[in-house]
Amino acid sequence: MPRCEDVLVDEHLRELGSRLQGPARLKSDLLAEARHGLLDAVEAYRESGVPPTEAQRRAVVEFGSPAQLLPSWQAELAVGALRGLSLRMLVIAGVGMAAGDLTWRGASWSDGPRPPAGYLLLSNSVDWIWAGSLLLAVVGLLVVAASARSTRPGLAVAQRMVGTGLTGVLALGMVAGCALFVWSISLWDAALRWPPMIIGAVLVGGAYFSLTRATRGWLLANAR
């Protein structure tokens, strides 16, 4: 609970926080770090003999107004959101590519009639979508790493391009994956009774949910 003498600091950060858009955890961490820095500045002023209220006022003025801080803080949130999205996509796409075929291996219905050419094309397309998302995730992490060392305008453009690409690939992957699952059930009734298929569907659903949340955070951070 904030002390009564920290009211100016908390009001300043509350106003700044209301203007920031992005992943809630990243925004909370950013504001918490800023609060610690502001309170350290207030304490330093007070130790030098400045009255509490004036110490807060000076610390807040030195810290900067929301209008001054918003562009850099929003950019930091955007980079953090892209990092989180890229990491999640890297892990999930890697697991998806490695374990995707396990849902079929050993199934009693896998020796049935050969599936239609369109089904095989869709199945291969899902694999290529995972591969593309994996590549984009690696590029995203490289762009994030470069952004930590440089402030060149081109990197901000690259961030948006990669984030937009990851968003598009996720949407395409969800549509193709759901279509493949429904088509599989329509071709083989036994698919719904095959445990690896059921487990795979649950895990993929959780992965899509996680990626959708990360994508939403990135979109919010880049909405301004």
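Values in this document were obtained by computation on a predicted structure and should not be read as measured data. Values below: all heavy atoms of this structure, side chains included; hydrogens, waters and symmetry mates excluded.
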Legend entry - Validation row: Leu211, Leu166 side chains within 4.5 angstrom (heavy atoms): no
Inset, instruction - Consider only side-chain heavy atoms of I, L, V, M, F, W and Y, link residues closer than 4.5 Å, and tell whether Leu155 and Leu77 are in one cluster. - result: no
Legend entry - Gap between atom CG of Leu220 and atom CG of Leu26 - 0.5 Å precision: 11.5 Å
Inset, instruction - Might you point out which heavy atoms bring Pro115 and Trp188 nearest each other, and give the distance in Å? - result: CB-CH2, 3.9 Å
Legend entry - Shortest non-hydrogen separation from Gly140 to Ser86 and the atoms involved: CA-OG, 3.6 Å
Legend entry - Set of residues satisfying side-chain hydrogen bond (donor to acceptor under 3.5 Å, both in side chains) with respect to Arg25, sequence neighbours excluded: none
Legend entry - Spacing of CG belonging to Leu82 relative to CG belonging to Leu87, to within rounding of 0.5 Å: 9.5 Å
Inset, instruction - Tell me, please, which residues at least two apart from Gln68 pass side-chain hydrogen bond (donor to acceptor under 3.5 Å, both in side chains). - result: Ser65
Inset, instruction - Taking all heavy atoms of Gln56 and all of Val42, pick out the closest pair and write down the distance. - result: CA-CG2, 3.8 Å
Legend entry - Basic-acidic side-chain contact under 4.0 Å: Glu11, Arg14: no
Legend entry - Donor-acceptor contact present, side-chain Gln74 to main-chain Asn222, <3.5 Å: no
Legend entry - Residue pair Arg35 / Asp10, side-chain heavy-atom distance below 4.5 Å: yes
Inset, instruction - Answer yes or no: is there an ion pair linking Arg58 with Glu62, defined by an N-O contact shorter than 4.0 Å? - result: no
Inset, instruction - Measure the shortest side-chain to side-chain distance between Ser133 and Leu170 over non-hydrogen atoms and say whether it is less than 4.5 angstrom. - result: no
Legend entry - Minimum heavy-atom distance between Trp183 and Tyr119, given as atom pair plus value: CH2-N, 3.4 Å
Legend entry - Shortest non-hydrogen contact from Leu30 toward Glu76: CD1-OE2, 3.4 Å
Legend entry - Side-chain (His12) to main-chain (Gly64) donor-acceptor, under 3.5 angstrom: yes
Legend entry - Rounded distance (nearest 0.5 Å) linking atom CG of Leu31 with atom NE2 of His36: 11.0 Å
Inset, instruction - Only one of Leu13, Leu20, Leu16 passes side chain to side chain contact (heavy atoms under 4.5 Å, CB included) with Pro66; say which it is. - result: Leu16
Legend entry - Cluster link Trp218 to Leu142, ILVMFWY, side chain under 4.5 Å: yes
Inset, instruction - Of all the heavy-atom pairs spanning Arg88 and Arg213, show the shortest one and how long it is. - result: NH1-CB, 4.3 Å
Inset, instruction - State yes or no: do Val50 and Leu39 share one hydrophobic cluster built from I, L, V, M, F, W and Y residues joined by side-chain heavy-atom distances below 4.5 Å, directly or via other members? - result: no
Legend entry - Verify same cluster id: Leu203, Leu180 (apolar side-chain graph, 4.5 Å): no
Inset, instruction - Kindly compute the distance separating CG (Leu70) from CD (Glu15), expressed to the nearest 0.5 Å. - result: 10.5 Å
Inset, instruction - Kindly indicate whether the side chain of Arg57, heavy atoms from C-beta on, has any atom under 4.5 Å from the side chain of Thr53. - result: no
Legend entry - Straight-line distance of Trp128 CH2 to Met97 CE, nearest 0.5 Å: 8.5 Å
Legend entry - Pairwise ring-ring contact (aromatic ring centres under 6.0 Å, His included) hits with a residue in residues 66-91, at least two apart: Phe63-Trp73
Inset, instruction - First locate atom CG of Leu85, then atom CG of Leu90, and finally report the distance between them rounded to the nearest 0.5 Å. - result: 11.0 Å
Inset, instruction - Please answer: with hydrophobic residues joined when any side-chain heavy atoms are less than 4.5 Å apart, are Leu135 and Ile92 in the same cluster? - result: no
Legend entry - Backbone of Val143 reached by a side-chain donor or acceptor of Gln159 within 3.5 Å: no
Legend entry - Main-chain N/O of Tyr45 paired to Ser48 side chain as donor or acceptor, under 3.5 Å: yes
Legend entry - Heavy-atom side-chain proximity of Pro116 to Leu187 below 4.5 angstrom: yes
